[in-house]
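The structure appears right after this line, and notes come after that.
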Amino acid sequence: SRYFGTSVAVRGDRVFVGAPYKSFGAGAVYVFRQQGTAWMLEARLLPPENCYDDSFGYAISVHGDRALVGVPDTNCQSNVASPLGAAYVFRREGTNWFQEALLPRPPGFSLVLGAAVSLSDSVAVVGHLFNDHQSSASVYRRSGTLWSYEALLGPLVDSTAFLSVATDGDAAIVGGYISVTHVFIR
């Protein structure tokens with residue numbers, strides 16, 4: 001089913017499974033909820049623009065009632081041919097999921113956004129791909145339901161692609177391509 005399980009996340013009695021190449025590459029994230037000994041499909045998160053070859057669900061992170069979804073191959077928000085990527089925040093109300101935000105691109109930004117994501121309380125970290133053997137990550141902060149760009153971590157040299165990001169409280173960790181790991185403290 002088009003790379004079902006490329007990304008996964010778990011939070012309490014819910015499991016999130018990314019299928020970034022479902023529906024001609026538009027992608028989807030499936031939310032399953034445990035009911036007794038069975039897992040039932042609760043929701044299917046879809047890209048709002050439903051563009052082809054987006055890779056929606058390539059990366060997933062969950063915290064509380066929110067899910068952060070990375071979409072590294074999308075160019076729906078721009079008029080350029082090459083993908084710029086995106087990251088979406090979804091919020092759960094009961095058993096329904098709604099798009100809360102499309103995280104804003106950093107000013108003057110041209111790297112591909114969304115290949116790695118991490119969500120912790122009111123902080124989101126989104127990794128960027130490729131730029132002359134340099135990479136970076138963006139930090140976003142939530143106030144209520146509004147998300148704002150806060151800082152750029154990097155650029156980091158000799159890290160051609162972020163393979164992973166993690167955040168907890170005031171700490172962010174970014175794992176690079178060739179055993180390069182960077183720790184940032186706010």
Side-chain angles (χ1 to χ4, degrees), residues 1 3-20 22-23 26-51 54-74 76-77 85-106 113-128 137-151 153 162 164-175 184-186:
S1 147
Y3 297 91
F4 184 85
T6 296
S7 58
V8 293
V10 64
R11 181 69 179 181
D13 61 353
R14 287 180 175 81
V15 171
F16 300 75
V17 181
K22 176 89 173 140
S23 301
V29 172
Y30 295 86
V31 182
F32 295 93
R33 183 172 183 199
Q34 187 176 20
Q35 294 179 338
T37 59
W39 289 91
M40 308 300 290
L41 180 64
E42 178 177 81
R44 190 172 71 157
L45 308 181
L46 298 171
E49 292 84 10
N50 203 22
C51 294
D54 268 4
S55 302
F56 181 91
Y58 183 87
I60 308 168
S61 183
V62 179
H63 185 84
D65 291 334
R66 288 180 170 80
L68 177 60
V69 179
V71 191
D73 293 331
T74 190
C76 286
Q77 295 83 32
Y88 293 91
V89 178
F90 288 84
R91 181 173 39 92
R92 180 177 62 86
E93 293 179 6
T95 57
N96 296 312
W97 288 85
F98 303 94
Q99 180 187 330
E100 181 172 79
L102 166 63
L103 296 183
R105 298 188 71 72
L113 188 71
V117 297
S118 181
L119 185 61
S120 174
D121 194 28
S122 61
V123 176
V125 177
V126 179
H128 312 150
S138 289
V139 177
Y140 299 87
R141 189 162 299 273
R142 177 178 59 84
S143 176
T145 58
L146 299 175
W147 289 86
S148 307
Y149 170 75
E150 184 172 89
L153 306 178
F162 281 141
S164 59
V165 295
T167 184
D168 187 25
D170 288 336
I173 301 174
V174 182
F184 298 88
I185 305 293
R186 180 174 188 231

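Not a single donor-acceptor pair under 3.5 Å links the side chain of Gln35 to the backbone N or O of Thr37. With Arg142 contributing its side chain and Gly144 its backbone, the two residues share a donor-acceptor pair below 3.5 Å. Between the side chain of Thr167 and the backbone N or O of Ala171, at least one donor-acceptor pair lies under 3.5 Å. Judged purely by atom type and a 3.5 angstrom limit, Thr6 has no side-chain atom pairing as donor or acceptor with the backbone of Tyr58.
In this structure, the separation between OG on Ser122 and OH on Tyr140 is 15.0 Å, given to the nearest 0.5 Å. Separation of atoms CZ (Phe90) and CZ (Phe16) is listed at 11.0 Å; rounding is to 0.5 Å. Distance CG/Asn96 to CZ/Arg91: 11.0 Å, rounded to 0.5 Å. How far CG of Asp65 is from CH2 of Trp97: 6.5 Å, rounded to the nearest 0.5 Å. From Leu103, atom CG reaches atom CG of Leu68 across 6.0 Å, with rounding to the nearest 0.5 Å. Going from atom CG of Asp170 over to atom OG of Ser120 covers 9.5 Å, rounded to the nearest 0.5 Å.
In plain terms, the two heavy atoms of Pro47 and Gly27 that are nearest each other are CD-O, 3.3 Å. The shortest non-hydrogen separation linking Ala115 to Ala59 is O-CB, 3.6 Å. Between Ala116 and Val165, the closest heavy-atom pair is C-CG2, 3.7 Å. When all heavy atoms are compared, the tightest approach of Ser118 to Ala166 is OG-CA, 3.3 Å. Gly114 approaches Val126 most closely through the heavy-atom pair N-CG1, 3.5 Å. The shortest heavy-atom contact between Leu102 and Ala86 is CD1-CB, 3.8 Å.
Heavy-atom neighbours of Asp168 CG from other residues, nucleotides or ligands within 6.0 Å: at or below the threshold of 12.
A salt bridge links Asp13 with Arg33; the closest basic N to acidic carboxylate O contact falls under 4.0 Å.
Using a 4.5 Å heavy-atom threshold, the side chains of Arg14 and Gln34 count as separate. Between Leu153 and Val139, the closest side-chain pair of non-hydrogen atoms falls below 4.5 Å. Within the 4.5 Å cutoff, no side-chain heavy atoms of Arg66 are placed close to those of Arg92. Counting heavy atoms from C-beta outward, Val31 and Leu41 have side chains that stay 4.5 Å or more apart.
Here the two rings, on Tyr30 and Trp39, have centers that are 6.0 Å apart or farther.
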Problem set entry | Full working for side-chain contact (heavy atoms from CB on, under 4.5 Å) between Ile60 and Val29 | CA-CA 8 Å; Ile60 308 168; Val29 172; 3.9 Å; yes
For this session: Report the C-alpha distance between Asp121 and His63 in whole Å, list the side-chain angles of each, state the deciding distance to 0.1 Å, and finish with yes or no for side-chain contact (heavy atoms from CB on, under 4.5 Å).
Result: CA-CA 6 Å; Asp121 194 28; His63 185 84; 3.8 Å; yes
